[in-house]
Amino acid sequence: MEKTNLERRVFHPPEEILRHANIKGEMYKEAQADRLGWWKKQAHELVTFFKPFEKVLDDSNPPFYRWFTGGTTNVSYNCVDRHYHSDKRNKAAICYENEMGKKVVMTYRELYVEVNKFANVLKSLGVGKGDRVCLYMPMIPEAAVAMLACTRIGAIHSVVFGGFSSHSLAERINDAQAKILITADGNFRKGTPFPLKENADAAMEAAPGIEKCIVVKNAENPINMHEGRDFWYHELMASAAKYYQPEEMEADAPLFILYTSGSTGKPKGVQHSTAGYLVQVQATLKYVFDLKETDVFWCTADIGWITGHSYVVYGPLALGMTTLMYDGTLDYPDKDRVWEMAERWGVTIFYTAPTAIRTFMKWGPEYPKRHDLSQLRLLGTVGEPINPEAWMWYYENIGGGRCPIMDTWWQTETGGFMVTPTPILPIKPGTATKPFPGIEVDVVDDDKQPAERGYLVVKSPWPSMLMTIWGDDQRYLDEYWSRFGDYYFTGDGAKKDSMGYIWVTGRVDDVLKVSGHRLGTAEIESSLVECEEVAEAAVIGKKDDIKGEVPVAFVTLKDGYKGSSELVAKLKKHVDVKVGPIARPSSIIFTSTLPKTRSGKIMRRLLRDITEGRTIGDATTLADPSAMEEIVAAYSGKAG
Ligand code: PRX
């Protein structure tokens, strides 16, 4: 994609931003000199504790680290009550718009009322401290209300992205043993209602643990309401009591579970904590996006992903800021939708994913040019490496050459930003620059030695780190702590440049980033092998100019079956139904064999060599070295 080496381009922060930035240069030094002291200070400044914490970090049982132990707090109290009791009471908390143009501005006072009422609704349906509540919802204010209401009563939410299939939803409900499901009658995609409730109904068939389902009326979409199980949100809210005293939660009480993909077919329930999470999401947002009282912050992520949790809901609301939620596609009714909204809502900070930026770039600069974007002050990107060409386009065409770009590297597991610029750092297109103050990250080789190119690791615990994998401590140990001992292994490759800046090069495991969405190759493979025709499947990521990468499936068929375009369509449909349309392979190649070692391990790197058009790497360990010729031939005559 790149023709020139852009590493040498450095952009220095504008004077105006430097002068007023929340972050000061000394903070990096302070945090380096006393990492725990720095986090202690952040906790005191940013979180209202009911009972003060005794210890900043309890590291007596690594890697099961606990932050701010002894302290108690409540997340909804921090996000809502303390602003309700301040002069932010009538400030816009959530600005919302859907594709069809419906708009809501919810002040902190209104949010307080809604959250309290919904906490009472949940309580009246039998939800208590520690119970799991599953959300399968559009990007609507009720989703934020439901998340906050869960935290108010001490229930643990598990938000499942609305684009996942009913099968994926059921799997996540069952793993978390959730007893309540909150959903909606649908939401709009390019003007057509999307059948969320239908998917939820199918999921509940396979998830009998769900006792009650709460449905938000959002799309006026005809749906079935299952008597005794399904309840309308607005009806329950109409009679709900107006105040619920926030539960006093231990600092390390589980706050939420968020499922993400790993190296096996089974999604992992990443479990986050209460106080540590709340400290880091606020500190990062305050210092990286430099939030000021009058800012309007627009993070385009869906609440089904960690970015939506940390930087649409919890971070901005805990800081008492105005957060914008949009439920819709980027090009409806036209390709300037995002810029039209940014101008109209007065967005000052805009945070999105490289895949969206590349899409805007493909559409052309005439769309942002239709609108006045001079209110923008800072831009951000997340989810996958950004190619310098897209970075430059974003910088010039959206930021008008004056808005620094915060390329934030982090993960579902890290909860908040880890490697990221702040507005006082020089930035370069394509690098997430340096660790945030108080975060210790490095690039190491196989022997755990610092290297210019290698694996990205986190060398010491951080406040918003995952606590474990829900119900599976062993998997937590295996996935993150087995490779480099006391260093957390991120699963990413990275290199370091002469300025010490970190360039994340992408995943080194079997995880794909498709349009920034995280998918496991094993999840797609196991759905393919469920089809009666399929003997084996190997899925890899192929580079894509817009989506970053797309899944490509190599499939061997059982005896008696033949590849055809009908079969390609059938297999793609099956992946849609089993995992979700985001996981659909862009192409399916039928071959009579897959490249395997003598021990039966599929060598995906050889398949990647084929799809990227590279010389095939070392194939000497293959059980059948002639297999590659056949696969290359099958790929060049490519199906579907
Ligand atoms: O590969 C890295 C990539 O996204 C992965 C984490 O995915 P997920 O848990 O879905 O969280 C995404 C949103 C935080 C990482 O292991 N990634 C994320 N941000 C960046 C990135 N790669 C390069 N640059 C980034 N800024």
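Because the structure is a prediction, the values reported are computed rather than measured.
- The closest donor-acceptor contact from the side chain of Thr348 to the backbone of Val296 lies under 3.5 Å.
- Formation of a donor-acceptor pair under 3.5 Å by the Trp462 side chain with backbone atoms of Thr414 is found in this model.
- Nearest heavy-atom pair across Pro141 and Met106 is CB-CE, 4.0 Å.
- Shown are Lys448, Lys496, Lys495; of these, the salt bridge (Lys or Arg N to Asp or Glu O under 4.0 Å) with Asp442 is made only by Lys496.
- Under the 4.0 Å criterion applied to side-chain N and carboxylate O atoms, Glu293 and Lys91 are assigned as salt-bridge partners.
- Contact check for His272 versus Met465: no side-chain heavy atoms found under the 4.5 Å cut-off.
- Salt-bridge formation is not detected for the pair Lys362/Asp545: no Lys NZ or Arg NE/NH1/NH2 atom is positioned less than 4.0 Å from an Asp or Glu carboxylate oxygen.
- With Tyr28 as the aromatic partner, Lys434 meets the cation-pi criteria of under 6.0 angstrom to the ring centre and within 45 degrees of the ring axis.
- Classification of the Tyr395-Trp391 ring pair by plane angle, with boundaries at 30° and 60°, yields parallel.
- Trp345 and Glu97 form a side-chain donor-acceptor contact under 3.5 Å, judged by distance and modelled atom types alone.
- The aromatic rings of Tyr108 and His83 sit perpendicular, their planes meeting at an angle over 60°, well past the 30° parallel limit.
- Closest approach of Gly191 and Met100 over heavy atoms only: CA-SD, 3.9 Å.
- In this structure, Phe194 has its ring center at least 6.0 angstrom away from the ring center of Phe188.
- Here the two rings, on Trp393 and Phe360, have centers that are 6.0 Å apart or farther.
- Between Tyr480 and Tyr488, the ring-plane angle classifies as parallel under the 30° and 60° cut-offs.
- If you check the side chains of Thr490 and Gln411, you find no donor sitting under 3.5 Å from an acceptor.
- For the pair Arg483 and Tyr455, the distance from NZ or CZ to the six-membered ring centre is under 6.0 Å and the angle to the ring normal is within 45 degrees.
- Ion pairing of Asp290 with Arg377 is present here, as a side-chain N (NZ or NE/NH1/NH2) and a carboxylate O approach within less than 4.0 Å.
- The side-chain hydrogen bond (donor to acceptor under 3.5 Å, both in side chains) check on Asp302 picks up nothing, with sequence neighbours excluded.
- You'll find the side chain of Val419 stays beyond 4.5 Å of the side chain of Trp410, heavy atoms only.
- The salt bridge (charged side-chain N to carboxylate O under 4.0 Å, His left out) test applied to Asp331 returns Lys190, not counting sequence neighbours.
- Proximity of a side-chain donor or acceptor of Asp445 to a complementary backbone N or O of Asp447 within less than 3.5 Å is detected.
- When every heavy atom of Thr329 is checked against every heavy atom of Glu99, the shortest pair comes out as OG1-OE2, 2.5 Å.
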Can I get a per-line list of side-chain donor-acceptor pairs under 3.5 Å for residues 307-315, giving both atom names and the distance, sequence neighbours left out?
from	atom 1	to	atom 2	distance (Å)
His309	ND1	Ile303	O	3.0
His309	ND1	Trp305	O	3.1
Ser310	OG	Tyr277	OH	2.8
Ser310	OG	Ile306	O	3.4
Ser310	OG	Gly415	O	2.7
Tyr311	OH	Thr284	OG1	2.6
Tyr311	OH	Phe417	N	3.1
Tyr314	OH	His157	NE2	2.7

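- The shortest heavy-atom contact between Ile424 and Lys24 is CD1-C, 3.8 Å.
- Ring geometry for Phe489 versus Phe484: interplanar angle over 60°, hence perpendicular rather than tilted (30 to 60°).
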